[in-house]
Each structure stands twice: as C-alpha cells, then as structure tokens.
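Notes for the one structure printed next.
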Number of protein chains: 2
Amino acid sequence: MAAASGLSRGTVSRVINGERYVSAEARDSVMSAIAEVGYVPNTAARNLKTKRSHAIGLIVHEPHSLFLEDPNIGAILLGTNSVLSAADYQLVSLIVDSERDSDRVAEYLRGGFVDGVIIISARENDPIGRAVVAMGIPAAFVGHPPDIDGIAYVGIDNVQAAEAITTRLLHTGRRRVGMIASALDRDSGRDRVAGFRAALGDAFDPALVVDYPLYSYDSGVEGMRRLLDRAPDIDGVFAASDAIAAGAMDVLRAAGRSIPKDVGIVGFDDSAWALRCQPPLSTVRQPAGDLGRMAAQRVLDQLDGRESATGGTFLETVIAWRESA
Amino acid sequence: MAAASGLSRGTVSRVINGERYVSAEARDSVMSAIAEVGYVPNTAARNLKTKRSHAIGLIVHEPHSLFLEDPNIGAILLGTNSVLSAADYQLVSLIVDSERDSDRVAEYLRGGFVDGVIIISARENDPIGRAVVAMGIPAAFVGHPPDIDGIAYVGIDNVQAAEAITTRLLHTGRRRVGMIASALDRDSGRDRVAGFRAALGDAFDPALVVDYPLYSYDSGVEGMRRLLDRAPDIDGVFAASDAIAAGAMDVLRAAGRSIPKDVGIVGFDDSAWALRCQPPLSTVRQPAGDLGRMAAQRVLDQLDGRESATGGTFLETVIAWRESA
DNA sequence: AGACTTTCTGGGAACGTTCACACAATAAGC
DNA sequence: GCTTATTGTGTGAACGTTCCCAGAAAGTCT
C-alpha cells in the first residue's frame with residue numbers, strides 16, 4: 001500500500017486513521033491509491049498492534065426452545081446492533097447452548113476477539129458471567145444476575161411493573177387471583193413474584209403461585225392446569241410472560257371458561273403473542289429494543305473510559321390494557 | 001510463553017497446534033507452563049500469520065419485523081452453530097438491516113475477519129451475495145438467490161412440497177382454492193406458487209393468487225381479506241407460510257367461516273404457529289435446523305478443499321397433516 | 001536574525017504468532 | 001561402520017499494521 005501511493009507507511013496510516021498532521025496532497029494521493037488498488041486494512045495486523053478488535057460480543061445463553069420463542073432476544077439483538085453499527089463496532093453473537101460452547105466462548109473472550117461483552121439473560125451461577133467479571137472486560141448485563149455484584153446492567157423494574165398490572169387486574173373485581181411464575185433463578189422471575197405478592201397484600205395465597213423454569217407456552221399450559229386443579233373458582237391470573245399467558249388461555253378455553261368474563265388474565269412482555277391471543281392480552285410493555293441499545297451504549301462508554309463499570313439503568317414500562325382483563 | 005516453559009517458540013507452537021515431532025517431556029512442560037501462567041494464544045497474531053480467522057460469518061439480511069417473527073432464522077442459526085462449534089469454528093452473526101450495515105458488513109468480510117460465509121434469505125439483487133461471490137470467499141447460501149449462479153446452496157424442493165400439500169388439500173374435496181403467496185423476489189416464494197399451479201392444473205385461476213412481500217401474519221390478514229372479496233365462495237387456501245396462515249385463519253373466523261368445514265387451509269414451515277392455531281394447522285415441515293447444519297458443513301468442506309463451490313443440496317420435507325384441512 | 005513552535009514525513013521497532021530451514025541426536029538399513 | 005531415515009529442537013524471517021522518535025520545512029515570536 002505504501003508502495004502504491006509513493007508515500008511512507010507512517011503517512012498512509014495517518015491518512016487511514018484520520019489523524020492530524022497530514023497535508024492535503026498527501027491525503028489525496030493516498031486516497032486515490034486506496035481506491036485504485038482496492039486496499040483494505042488488514043484487521044488482524046491492526047488488532048495485533050492496537051490490542052483492540054472493534055467488535056462487541058453478545059452472549060446469548062438460552063436453551064434451544066427459548067431462543068426460538070422469546071421475542072425479546074431478537075429485539076435486544078437488533079437494538080444492540082443499531083447502536084454498535086452507528087459507532088462502527090461489529091456485533092458478534094455468541095450462542096451458548098452446551099457446556100462445550102461455554103468453554104469455547106470463554107476461550108474466545110480471553111483470546112481478545114472482542115473488546116466488550118453484552119450478556120443477556122444471565123442466571124444464577126452463570127459461569128460466563130463470572131468469567132467476564134473476573135477478566136475485567138467491559139461488560140453490560142441485560143437483567144441483573146442475582147449473585148453477581150459490581151457490574152453494569154440495564155433492566156426494568158420488574159417488581160413495580162408486576163405490582164402495577166396485578167393491581168389493575170384486581171380493580172376489575174377479581175377475588176381469587178393466581179400467578180404462573182417462571183425463571184426463579186433470575187431477578188426478572190423473582191421480582192415479578194414479589195410485585196404480585198405486594199399487590200395482593202393480605203389476600204396473597206402461596207398455593208396459588210406455581211412456577212416453571214421456562215417462560216414458554218408449555219409452562220402456561222401446565223401451570224393453568226395446576227391452578228384450575230387447586231382452585232376451580234379462580235377468576236384472575238397473572239402470567240409471567242405472554243407465551244405463558246397464551247398457554248393458560250388455551251387451557252381456560254378448553255375448560256369452558258370465558259375470558260375475560262369468568263377469568264381475567266394478564267401477561268408480560270407485549271410480544272407478538274399478546275395481540276394474537278383471543279381476546280387480545282393485557283400485558284406489560286417491555287422495551288426490549290431499548291434495553292439492547294442501552295446495554296450497547298454502556299459498553300461503549302466503558303470503552304471510552306467515560307463510565308464506571310457498575311450500577312443499573314432502569315427503563316420505563318407501560319401497561320397495554322386490552323380485552324383479556 | 002516460550003520463556004515460562006524454558007523451551008523455544010517453535011516447540012511451544014508445535015505443542016499448541018498438536019503437531020508431530022514433539023517429545024513427551026517437552027509436551028508436558030509446555031502444558032504445565034500454560035496452566036500455570038494461564039496462557040491463551042493471541043488470536044490476532046495467529047490470524048495475521050496464518051491468514052485464517054477460524055470464524056464463519058452468518059449473514060442475516062432481513063427487515064426488522066421478519067427477523068423477529070421468522071422461526072426458521074433462529075433454527076438455522078442454532079443448527080449452524082452446532083456444526084461450527086463441533087469443528088472449533090466460531091459463528092459470527094452479521095445482521096444487515098440498513099444500507100449502512102450492508103457496506104460495513106462487506107468491509108468486514110473484505111477485512112478477512114471470517115474464513116467463510118453463510119447467507120440466508122438472499123433475494124434478487126442482493127449486494128452482499130454478489131460481493132461474496134465476487135470475492136471468492138467460501139460460501140453457502142440457504143435458499144438459492146434467483147439471479148446468482150455458480151454457488152453452493154442448500155434448500156428444499158419448494159415446487160414439489162407446494163404441489164404435494166396443495167394436492168392433498170384438493171383431495172379433501174375443495175373446489176375453489178386460492179393462495180396467499182409471498183416473497184416473490186426469492187426462489188422459495190416463486191417455487192411455492194409454481195407448485196401450487198402445477199397441482200391445480202386446469203383449475204388454476206390467477207385471480208385467486210395474491211402476494212405480499214413478507215411471510216408475515218399481517219400479510220395473511222390482508223391476503224385473506226382480498227381473497228374473500230374476490231371469491232366469497234372460496235373453500236381452500238394455501239398460505240405460503242404458517243404466519244400467513246395464522247393471519248388468514250383469524251380473518252376467516254371473523255368472517256364467520258368455520259375451519260375446516262367451510263374452508264380448508266394449509267401452511268408452510270411447521271413452525272411454532274402451526275400447533276397453536278385453532279384448529280392446528282396442516283403444513284409442510286421444513287427442516288430449518290438441518291439446513292443450517294448442512295450449510296455450515298458445505299462451507300467447512302470448501303475450506304478443506306474437499307468440495308467445489310457450486311451445486312445445490314436438497315433436504316426432504318414432510319407434510320404434517322393436522323385438523324385445518 | 002536567532003530561537004522557538006507547529007506542521008508534516010519517513011523509517012525503525014514492535015505486536016505474538018507460524019513457517020521454513022538448519023541442525024543434532026538417535027534409529028535403521030546395508 | 002558408513003549412509004540414510006526418523007524424530008526432536010532452536011532460530012530467523014515474515015505477516016501488516018501502529019507507535020515513537022528523528023528530523024525537515026515552514027511559520028511565529030522576541
């Protein structure tokens with residue numbers, strides 16, 4: 001490249017990186033040489049020298065089924081991508097769905113392939129989460145893993161949101177209200193139960209809370225069956241996700257209950273499920289795209305040294321009130 | 001590292017890459033030195049020297065909405081990841097959702113960040129597809145872009161599958177059968193129409209085929225309205241995707257038609273939608289995970305020089321016959 | 001006019017590997 | 001006991017950048 005432009009490597013490098021102290025003519029001749037030869041800087045060499053890769057890893061640690069079902073993940077991905085792309089960083093998605101993957105990803109991170117990391121849906125005892133924190137790589141979590149402290153994270157106030165929607169459900173006159181909870185190994189899952197409990201106060205009945213590991217349709221089916229079994233007179237349900245709510249609604253319908261007349265039901269996420277339920281589902285709108293954008297921004301800020309690596313950022317949720325309750 | 005083990009760089013390199021001509025004791029002392037120092041080979045340096053990155057790019061070129069909705073994409077992603085992970089390659093997902101992304105991704109590819117590329121859902125005039133072919137990077141397409149030849153691709157036989165399911169729909173006694181088509185800028189979309197036409201033979205009526213750009217629920221809603229408008233006596237529908245079928249079914253229900261009594265409907269994909277429709281949807285099972293795995297394998301084969309870069313691989317589809325027709 | 005500052009350019013060194021080669025030691029073949 | 005393989009080890013060069021320093025040229029201040 002230096003040869004093609006007739007100038008030295010140093011000057012070429014300055015032009016490419018837009019540094020000061022380059023004359024207009026030098027810049028021009030380098031530019032035209034670049035265009036002519038179709039020159040592209042070699043990333044490996046640059047990374048080697050600068051110890052930067054200009055790539056950010058997004059670690060998705062989910063079992064197969066959920067990865068395909070959870071609409072939040074896709075939205076977070078796109079949000080993250082938009083911010084990083086604007087800052088000329090490349091998003092590298094790292095999927096972890098086995099122990100083997102877990103090791104390989106850790107290795108990958110140690111290898112300096114990425115400058116920063118975004119971790120979504122970390123749960124208790126997450127080895128990668130711990131590894132990242134231990135390595136001191138700039139990182140942001142989407143959702144706060146219960147057992148790791150001193151990290152940067154973004155999320156929503158699950159307690160407040162769950163309490164709010166449960167309260168509104170109660171205001172529709174429900175007396176026997178249950179909850180199908182999920183993912184109690186994460187803050188999101190636990191906090192939704194806490195909010196539910198807070199809203200019910202003295203009326204809270206632990207027997208009317210069932211829980212399942214996954215935020216899935218099938219969990220909703222199972223959970224609703226259990227609840228109907230325990231309390232045939234149930235007239236309100238808070239489902240910890242829209243997918244769960246969809247499963248629960250199908251069971252209620254099959255059991256001859258009319259929604260919302262006999263049983264009112266509310267969900268969480270405001271995903272594609274919510275609008276397509278019959279009737280449309282009342283739910284909490286979770287700003288998944290914004291969470292992704294914010295997480296990306298926090299990692300970029302750490303890279304620029306503009307921000308410390310700890311503390312949470314909370315985004316607002318809104319209740320979408322529809323016909324299901 | 002060489003210092004820590006007391007041996008030369010060359011020997012250390014041989015141990016790490018598992019080459020021949022290393023004595024047992026040398027191997028041992030290098031290994032224990034690695035463990036002690038927590039040594040990790042520097043990827044950038046290795047890439048620089050070997051001109052290999054051990055990463056494969058997966059280019060997803062979809063508008064926002066579809067990326068979130070299309071279950072095939074997630075399944076392809078996971079399938080690809082499993083094969084590459086087993087071969088110690090890292091999957092790097094590159095999301096293209098703007099012109100800007102398109103340029104950046106092309107740059108990224110040129111920069112030698114990946115050794116090979118998998119492109120899903122390429123359409124006509126796809127700039128990245130063309131760029132990849134022009135650069136001669138080992139690549140495999142999932143689905144065959146209509147206007148690029150001489151490439152490796154994997155897919156299903158859309159013509160045959162569409163013909164088969166339409167024929168079975170006809171065997172349920174339907175007389176006036178329409179189709180909601182989609183994505184006519186891709187082979188998949190065109191071929192499904194061709195199969196539909198072939199199954200109908202003389203009974204084919206162009207007025208009963210409507211088409212929309214996206215394989216989405218909304219396309220199904222729109223399309224079904226149009227079809228009902230044009231032919232109130234319609235009694236069979238072939239939807240080009242399950243999401244379209246779901247939209248169409250909701251419209252049919254709202255219009256007072258019973259499924260499958262008044263109208264029979266079939267879809268395509270066998271995605272999560274199919275089982276949760278009311279009634280469950282008859283559809284074509286598309287082996288999305290296998291497509292991902294196969295595409296990954298074909299890229300790896302090209303990297304090993306075991307395979308030429310052209311030709312298609314077709315995977316079998318199966319009809320899942322349920323209650324909707 | 002001399003001393004200092006600013007702008008610009010070139011070239012050596014380094015980043016951490018792998019590769020090709022040279023060479024030593026041992027084993028095998030006649 | 002000579003040549004010829006086989007196995008093992010060390011070393012210089014190279015990959016393509018960026019960074020640092022030296023120094024030239026031009027401008028600015030006493």
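Throughout, protein chains are lettered first and strands after them, A, B, ... in sequence-line order, and every chain is numbered starting at 1. The shown structure was predicted, so the numbers you read here are calculated from the model rather than taken from an experiment.
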Notebook entry, point to check: Given atom CD of B:Glu25 and atom C1' of C:dT26, what is their separation to the nearest angstrom?
Noted result: 14 Å
Next item on the list: Measure the distance from CZ on B:Arg52 to C1' on C:dG16 and round it to the nearest whole Å.
Entry: 20 Å
Check: Quick one: which of D:dG10, C:dT9, D:dT18 gets closest to the side chain of B:Leu7?
Finding: D:dG10
Margin query: For the residue pair A:Ser53 / A:Asp115, report whether a side-chain donor-acceptor contact shorter than 3.5 Å exists.
Written below: yes
Item checked: A:Arg190 with A:Asp187: basic N within carboxylate O range, under 4.0 Å -> no
Notebook entry, point to check: Hey, is the side chain of B:Ser23 poking within less than 4.0 Å of OP1 or OP2 on D:dT9, counting only N and O atoms?
Noted result: yes
Note to self: Without decimals, in angstroms, what is the distance between A:Asn17 CG and D:dG16 P?
What the structure shows: 17 Å
Notebook entry, point to check: Nearest to the side chain of A:Arg9 - D:dG16, D:dT17, C:dT9?
Noted result: D:dT17
Margin query: Nearest whole Å is fine: how far is C:dC8 P from A:Glu19 CD?
Written below: 13 Å
Check: Under 4.0 Å: is that the gap between some side-chain N or O of A:Tyr21 and OP1 or OP2 of C:dC8?
Finding: no
Check: Which nucleotide in the list C:dC19, C:dC15, D:dG16 gets nearest to the side chain of A:Lys51?
Finding: C:dC15
Next item on the list: By nearest nucleotide on DNA chain D, pick out whichever of B:Ala45 and B:Arg14 is the more 5' one.
Entry: B:Arg14
Next item on the list: Write down the distance between CG (A:Asp28) and P (C:dT9), rounded to a whole number of angstrom.
Entry: 11 Å
Note to self: If the cut-off is 4.0 Å, is B:Ser13 near the phosphate of C:dT18, judged by side-chain N/O to OP1 or OP2?
What the structure shows: yes
Notebook entry, point to check: Does a nitrogen or oxygen in the side chain of A:Asn47 sit under 4.0 Å from OP1 or OP2 of C:dC15?
Noted result: no
Check: Do NZ/NE/NH1/NH2 and the carboxylate oxygens of A:Arg293 and A:Asp290 come within less than 4.0 Å?
Finding: yes
Notebook entry, point to check: Counting side-chain heavy atoms from CB outward, which of D:dA14, D:dT17, D:dT9 is closest to A:Lys49?
Noted result: D:dT17
Check: Where the side chain of B:Ser8 is defined as all heavy atoms beyond and including C-beta, which of D:dG10, C:dG10, D:dT17 is the nearest nucleotide?
Finding: D:dG10
Checklist line | Interatomic distance where CG belongs to B:Leu48 and C1' belongs to D:dG16 [whole Å] | finding: 6 Å
Item checked: Non-hydrogen atoms of A:Met294 and A:Val154 that approach each other most closely -> CG-CG1, 3.5 Å
Check: Can you tell me how far P of D:dG16 sits from OH of A:Tyr39, to the nearest Å?
Finding: 10 Å
Note to self: side chain to side chain contact (heavy atoms under 4.5 Å, CB included) for B:Phe314 and B:Ile156? Distances and angles first, verdict last.
What the structure shows: CA-CA 5 Å; B:Phe314 291 98; B:Ile156 57 171; 5.6 Å; no
Notebook entry, point to check: With a 4.0 Å cut-off on heavy atoms, is A:Ala26 in touch with a base, just the backbone sugar-phosphate, or nothing at all?
Noted result: sugar-phosphate
Next item on the list: Tell me which nucleotide among C:dT17, C:dT7, C:dG16 gets nearest to the side chain of B:Arg46.
Entry: C:dT17
Next item on the list: Could you check how far CD1 of A:Ile34 sits from P of D:dG16, rounded to whole Å?
Entry: 16 Å
